[in-house]
Each structure stands twice: as structure tokens, then as C-alpha cells.
Amino acid sequence: MDITSATAAGPPPGPDSAPAPAEQRGGTTTRIGDRIFLGLSRGSGILLLAIMAAIAVFLTIRAASALSHNEGNFFTTFEWRANSTPPVFGIAVLAFGTVVSSVIAMAIAVPVAIGIALFISHYAPRRLATPLSYVIDLLAAVPSIVYGLWGALFLVPHLGGLYSWLDDYFGWTGVFEYHDGAARSLFTIGILLAIMILPIVTSVSREVFLQAPKMHEEAALALGATRWEVIRTAVLPFGRSGVISASMLGLGRALGETMAVATVLSPSFEIGTSLLDPGGGTFAQNIASSFKESGEIGKDALIASGLVLFVLTLLVNGAARLIIARRKEYTA
């Protein structure tokens, strides 16, 4: 073939002249695998919303039945006699105990978890960081009842010294006033819940810190920053949204923890000024302790308290999403 005929035939096909994919040739044609995956993904999302809606409807219907028979104020009554005639019950003590114990747990667990995560990700040598990560992850698999037994048989008998110390130095506030007795209080529950949520917050925070851009860390080191300054300026800002998400996961477990709290706490429908006084209660603990001997109205009353816990959990997660949305520059 001569040069003239080769020129007339045109240049050889290049990468830009490859056949267009099916979705470009037909405009709307997609592969069967894409359609199946889209349908499964969409169906999964719709199924999740349907399950959440079904739970909300069930709780609302049963709660309305109980509230129609209640002779007390559901939000302010300091007693739970749902099986009496007429039934009188309220969630004031349960809401107080649930929120206070969860706040104590978060105040203890989150700083410790962040410190452990930073140590594993940026300070510990590899031969120590790897087994330590395995141990932290293993703690998350321990059943709640095991934590409860450990708390009742070991933690409670050994907290007397801490309670006495708090009473000596902070008893004047009234919040840490100790009157002797068994340490089966909301403060003990907060410590136990902190130990239980520590693995969750630590594991998620560790993975987030490990994803921090190495170029940012190396640039800070090149400018003469210390190890702590690198963490403060490059690692913590990047992992802030992840730490918030990890904390919300831990808070969700603390709010809904049942068996460990029921094993350790001495339930009573009183709100004391001191966190060290025995007594109190939580939503999950009250449901687990009272469900077996409850009648029809009593079970509906417990479901009504479960509805409050359901709404509280949704509000907590919604608040977390709002906080993360305000930090979009760190979520990329």
C-alpha cells in the first residue's frame, strides 16, 4: 500500500476513538449488574426506614394505651406503680438516672479513649501497638453480663476508698457527699459504663487518627513542630468528626445498657443530691427488672418508657449529625 492510499484511509484509531460504552451509546442503557445493585441498595434503604417506622408506630400505639390509664404525670411523677389500681407511673427518676450515668461515662471514657488511640497510632512502637489494638478490640466483645458480674463482685466492694476520698475533698459540694454503705450508685454505674464503651470509642478514634494525611504531619515536622504540636494541628482537626461519631456510638450503648446496670444498681425511685448515694434507675434497667412481673398495663407502661429512650437516642444521633455537618472541612 502506497503513501497516498494510507493517507486517504485516515490516521490509525487512537484511545479517544474507542467504542463508547453502552450507557453512552443508548443514552439510558445500563448494565444488568448496575440495575441489580441499584435495586438492592435502594431496597435496603427503604427497608431500614420501614423497620424504623414500624418500631415507632408499635411503641406509640402501646404507649398511648398505657398513658390513657395513667393517674400520674408521665414526665414528673417520682414513682412506678404501673401494676396497681389505678396505675401511677412516671419517668422522672429513670430519665435522670439514664442521662446522669451516661454523662459520667462519657466524661470518663472519651478523654481516656482519645489518649489511648493517639498512643497506639502515633506514639507506641509497632510491636506494642499491634497487640494493644487486639486487646482493645477484644474488650468490645465481652458480654454485658460479664461486665455486670465483675462490677457487682469486684468494682462495688473496692470503690469505698474512692468514695471516701471524694467525700473528704469534694463533699462540700453535696454532689460527692458519701454516707457509707454499698457503692451501688449512679456514679458506680457511670464508671462501669465508661469501661464498657471505652473499646468502641478507642477503636473508631484510632482508625480515624491513622487516616490523617501524612503529608500534613510531615510538613508540620519539617517546620519544627513537636510531636504534640503535630497532633494538635494536623491529627486532631482531621479526626474531629470521627471522634464525635465514635463518642455517639459509645453514648448509644451507654444509654441502652441493660444487664450490667441491672446487676450493679440498687434501684429506687428517688433522686438524691449526691451521686454517691445508692439508688436511682435507668430506662433499660427498669424494663429488664420489671417486665416479667408486669401485667398488660404494666408492660405498656414499660413500652412507653422505651419510646422515650427511643426518641432520646434519635435526638442524640441527630445532634451528632448536626455537629459533624458544621465541620464539613474535616469530613473529606
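If you're wondering where the values come from, they're calculated on a predicted model, not measured in any experiment.
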Within the structure provided, determine whether [X] and [Y] are in side-chain contact (heavy-atom separation under 4.5 Å).
| X | Y | answer |
| --- | --- | --- |
| Met196 | Leu193 | yes |
| Val243 | Leu236 | no |
| Ser274 | Tyr178 | no |
| Phe75 | Ile91 | yes |
| Leu128 | Phe119 | yes |
| Phe269 | Leu94 | yes |
| Phe209 | Ile231 | no |
| Ser305 | Phe89 | no |

Minimum-distance pair of heavy atoms, taken over all atoms of [X] and [Y]:
| X | Y | value |
| --- | --- | --- |
| Gln285 | Ala262 | CG-CA, 3.8 Å |
| Ala66 | Ile297 | CB-O, 4.2 Å |
| Val201 | Ala246 | CG2-O, 3.6 Å |

- request: Without swapping roles, check the side chain of Ser268 against the backbone of Gly280 for a donor-acceptor pair under 3.5 Å.
  value: yes

Stepwise side chain to side chain contact (heavy atoms under 4.5 Å, CB included) test for Ile303 and Asp300: CA-CA 5 Å; Ile303 292 175; Asp300 289 346; 4.3 Å; yes

task: May I ask you to decide if the ring planes of Tyr163 and Phe187 are parallel, tilted or perpendicular, using 30° and 60° as cut-offs?
output: perpendicular

query: What orientation do Tyr169 and Trp165 show, parallel under 30°, tilted 30 to 60°, or perpendicular over 60°?
result: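 Answer is tilted, since the angle falls between 30° and 60°.
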
task: Any pair with a residue in residues 91-102 that passes side chain to side chain donor-acceptor pair (under 3.5 Å), sequence neighbours left out, goes on the list, sorted by first then second residue, please.
output: none

query: Among Leu139, Val264, Thr263, whose side chain to side chain contact (heavy atoms under 4.5 Å, CB included) with Tyr147 holds?
result: Leu139

Applying a strict under-4.5 Å side-chain criterion to I, L, V, M, F, W and Y, I'd like to know whether [X] and [Y] cluster together.
| X | Y | answer |
| --- | --- | --- |
| Tyr123 | Val235 | yes |
| Ile191 | Leu153 | no |
| Val110 | Val112 | yes |

Partners meeting side chain to side chain donor-acceptor pair (under 3.5 Å) with His179 (sequence neighbours left out):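 Partners of His179 under the side chain to side chain donor-acceptor pair (under 3.5 Å) test: Glu177, Asp277.
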
message: Distance check, rounded to the nearest 0.5 Å: Ile108 atom CD1 versus Ile195 atom CD1?
response: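 So the gap between those two atoms works out to 8.5 Å.
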
message: Would you say CD of Glu79 has more than 12 non-hydrogen atoms from neighbouring residues, nucleotides or ligands within 6.0 angstrom?
response: yes

field: Electrostatic pair Glu296-Arg62, nearest N-O below 4.0 angstrom
entry: yes

message: Strictly by ring-ring contact (aromatic ring centres under 6.0 Å, His included), give each pair with a member in residues 272-322 just once, sequence neighbours left out.
response: none

